[in-house]
Protein chains: 2
Amino acid sequence: MRTSELADRAGVNTETLRYYERRGLLTEPPRTPGGYRDYPAASVGLLRFIKRAQELGFTLDEVEELLHLDNGGPDSCDAARALAEHRRDDLAARIRDLQRMHDSLADLVATCDLPRADRSCALLEAITDSAEGIR
Amino acid sequence: MRTSELADRAGVNTETLRYYERRGLLTEPPRTPGGYRDYPAASVGLLRFIKRAQELGFTLDEVEELLHLDNGGPDSCDAARALAEHRRDDLAARIRDLQRMHDSLADLVATCDLPRADRSCALLEAITDSAEGIR
DNA sequence: CTTGACTCCGTAGTTGGGTCCGGGGTTGAC
DNA sequence: GTCAACCCCGGACCCAACTACGGAGTCAAG
C-alpha cells in the first residue's frame, strides 16, 4: 500500500508517516522499483495503535517504549502495566487540579450575583483577592 | 525588588520575567537610575498566580485573558462575567476529556488481571483492539 | 580601582509533534 | 506522448513556553 493510502486509512498526514519513520516508530517499508514506499497491510493497525495511545495521553517516546515491549515476555507486560498506571495516575492528578480550578472559577462567577457597589465588579475583585491568597 | 530576587521568590528563571514582559503579561516595571528593573512587591503574587494557573493547564494566552479581566480590559462587569463563564465551561469540557482518557486507561490496566496466554500481554492487545475499534 | 556578581539587550536555540516547501522522478489514463 | 496526480527528499517552518548566549553596563566590597 502506498503512502497516501496508508495515511488516509490511518487518518494521518503523509508527512507524519515520514516523521514516524525518522523517529523510528515505523520501520522503513520495502520500496517499489520506482522507489515508492510499499507498506504492509499491518501498518494500518500499527498506526491506529499509535494514535490510540496518544489519545490516552502517551507521548511518542512512551509509545515507542510500548511498541518495543510488545515483543517481550511477561516482564514486558509488567513494564507496560507500570507505564499505563503511571499515565493513569498522572491523569487522575491533573483532573483533580482542574476540578479545583473549575470550582473556584464557578465560585467567582457566582459572586456576580452578589449585591455590589455601583462602580465595582465583585468578580474582578474576587480574582484579585484570590491571586493574593495563592501560596 | 530586582529581577533575580523576584525570580527567586516566584520560582522562575530571570529570563522568564523578560519573556513575560515581552508578551505583555507583566507590565514594564520602573527602572533604577542605572537602568535596572525595580519590581513592586505585588509582582510576586502575580507571578505565583500565573504559575499556578499554568500548572492547572491554562495557556499563557488564557492567563493573560484572566489578568485582563482585572485591569482595564473589558470595562463591563457583564463582559468579565461572560469571559469567566467561558473559561469555566472550557475547563469543564477539558475535565470531561481527561476523565474519558483516564477511564479508558483504567479499564486497560484492569485487563492486566485477566487470565491470559503465557506469552501475551492483555494490556497491549487491548490497546490494539481498541484501536481497531476506531471506525 | 579592580573584581566579581548582577543586570541589560537582542537574538538564537530547545522540545514535541508535526507540517510545509520546492525541485525533481514515477505512474497511469487518455 | 503528454498531463495530472502521486511520490521522493532534505530541510525549513510552526506552536508554546521557555532558556541560553554573549557582549556591554552597573554596583558594592575590598
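The figures that follow rest on heavy atoms only: side chains count, while hydrogens, waters and symmetry mates do not.
The stretch residues 8-17 of chain A touches DNA chain C through A:N13, A:E15, A:T16, each having a heavy atom within less than 4.0 Å of the strand. Contacts between residues 28-36 of chain A and DNA chain D, defined by a heavy-atom separation under 4.0 Å, are made by A:R31, A:G35, A:Y36.
By the 4.5 Å heavy-atom criterion applied to side chains, B:R94 and B:D97 are not counted as neighbours. Contact check for B:L91 versus B:R88: no side-chain heavy atoms found under the 4.5 Å cut-off. Residues A:S43 and A:R9 are not in side-chain contact: their nearest non-hydrogen atoms beyond the backbone lie 4.5 Å or more apart.
Between B:Y19 atom OH and C:dC8 atom P the separation is 19 Å, expressed in whole Å. Nucleotide C:dG17 holds its P atom 15 Å from the CG atom of A:L26, rounded to whole Å. What separates CG of A:D61 from P of C:dT15 is a distance of 11 Å, to the nearest Å. Counting to the nearest Å, the C1' atom of C:dG17 and the CG atom of A:L47 are 14 Å from each other.
Looking at B:R22, its side chain has no donor and acceptor atom pair within 3.5 Å of the base of C:dG10.
Note on A:R2 versus A:D8: no salt bridge recorded, every NZ/NE/NH1/NH2 to OD/OE distance being 4.0 Å or above. Ion pairing between A:E15 and A:R18 holds under the 4.0 Å rule for side-chain N and carboxylate O.
Residue B:T3 has no polar side-chain atom (N or O) positioned under 4.0 Å from OP1 or OP2 of C:dC6.
Under the 4.5 Å side-chain contact rule for hydrophobic residues, A:L60 and B:L105 share a cluster.
A side-chain donor-acceptor contact under 3.5 Å links A:D38 to the backbone of A:M1.
A:R2 comes within 4.0 angstrom of the backbone, heavy atoms only, and of no base. Residue B:R37 is classed as a sugar-phosphate contact, given heavy-atom separations below 4.0 Å to backbone atoms only.
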Item to complete: Start with the C-alpha distance between A:V44 and A:L47, add both sets of side-chain angles, then the distance that settles side-chain contact (heavy atoms from CB on, under 4.5 Å), and finish with yes or no.
Response: CA-CA 5 Å; A:V44 179; A:L47 275 169; 6.0 Å; no
Worksheet item: Would A:R48 and A:K51 count as a side-chain contact (heavy atoms from CB on, under 4.5 Å) if you check the C-alpha gap in whole Å, the side-chain angles of each, and the deciding distance to 0.1 Å?
Response: CA-CA 5 Å; A:R48 287 187 181 161; A:K51 280 176 61 69; 5.6 Å; no
Discussion item. Determine whether A:E21 and A:L17 satisfy the following criterion, side-chain contact (heavy atoms from CB on, under 4.5 Å), listing intermediate values before the conclusion.
Written reply: CA-CA 6 Å; A:E21 195 176 304; A:L17 297 180; over 6 Å; no
Discussion item. Does B:E62 form a side-chain contact (heavy atoms from CB on, under 4.5 Å) with B:D90? I'd like the steps, not just the answer.
Written reply: CA-CA 11 Å; B:E62 287 170 333; B:D90 260 13; 4.2 Å; yes
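Of all nucleotides in DNA chain D, those with any atom nearer than 4.0 Å to a heavy atom of chain A start and finish, going 5' to 3', at D:dC6 to D:dG11.
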